[in-house]
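Everything on this sheet refers to the single structure shown next.
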Amino acid sequence: MENPIIANCAEGAWTLVAGNLVKGDVHTLGDAKVSYFITYRKVGDPAPAGTSELVQMEKHNSVNKEEGLDVYVYCASGAGKVAVWRWQ
């Protein structure tokens, strides 16, 4: 498995950047002018719809859970890119 996984994120849409992530890190890459937002779902739950769940993403975001999560990123002000490291 590639580590990190580099995911391109379209502007104005939720992008699944990691499925079933139990332990790992998500980092923003690229243009600092892009606004990044992140949300988490239980594995298998529907993807977020709309912008009601926008939570500002930090440059470095960690996941350390007992059960895996699906991680989604939303970009505003341009397309973005994130790196996902899996530690499981």
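The model shown is predicted, which means the values in this text are computed figures rather than measured ones.
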- Task: Provide the closest heavy-atom pair for Ser62 versus Asp25 in the form atom of the first, atom of the second, distance.
- Result: OG-OD1, 2.7 Å

- To the nearest 0.5 Å, what is the distance between CD (Gln56) and CD (Glu58)? 7.5 Å

- Message: Does anything in residues 63-85 form a salt bridge (Lys or Arg N to Asp or Glu O under 4.0 Å)? List the pairs, not counting sequence neighbours.
- Response: none

- Task: Would you indicate whether the side-chain heavy atoms of Ile38 and Val71 approach each other to under 4.5 Å?
- Result: yes

- Query: Do the side chains of Leu21 and Tyr72 join up, straight or via other hydrophobic residues, at under 4.5 Å, putting them in one cluster?
  - Reply: no

- In this structure, OG1 of Thr15 is separated from CG of Asn8 (nearest 0.5 Å) by 9.0 Å

- Determine the minimum heavy-atom distance between Ser35 and Ser77, stating which atoms define it. OG-OG, 4.1 Å

- Item | Side-chain donor/acceptor of Glu11 to backbone N/O of Gly78, under 3.5 Å | yes

- Note on the structure: Of all heavy-atom pairs linking Val43 and Leu69, the shortest is CG2-N, 4.0 Å

- Message: I'd like to check Pro4 versus Val84 (side-chain heavy atoms, cut-off strictly below 4.5 Å). Are they in contact?
- Response: no

- Item | Selection residues 40-56 - residue pairs positive for salt bridge (Lys or Arg N to Asp or Glu O under 4.0 Å), sequence neighbours left out | Arg41-Glu53

- Query: For Asn64, what residues pass the side-chain hydrogen bond (donor to acceptor under 3.5 Å, both in side chains) criterion, not counting sequence neighbours?
  - Reply: Lys23

- Note on the structure: Residues Thr39 and Pro48: closest non-hydrogen pair is CG2-CG, 3.6 Å

- Query: How would you list, by chain and number, every residue that makes a ring-ring contact (aromatic ring centres under 6.0 Å, His included) with Tyr74, sequence neighbours excluded?
  - Reply: Trp14

- Message: If you compare all heavy atoms of Ala79 against all heavy atoms of Val34, which two are closest, and at what distance to 0.1 Å?
- Response: O-CG2, 3.2 Å

- Task: Please report the closest heavy-atom contact between Ile6 and Ala83, naming both atoms and the distance.
- Result: CD1-CB, 3.7 Å

- Message: Going by ring-ring contact (aromatic ring centres under 6.0 Å, His included), name the pairs with one or both residues in residues 19-50, residues two or more places apart or in two chains.
- Response: His27-His60, His27-Trp85

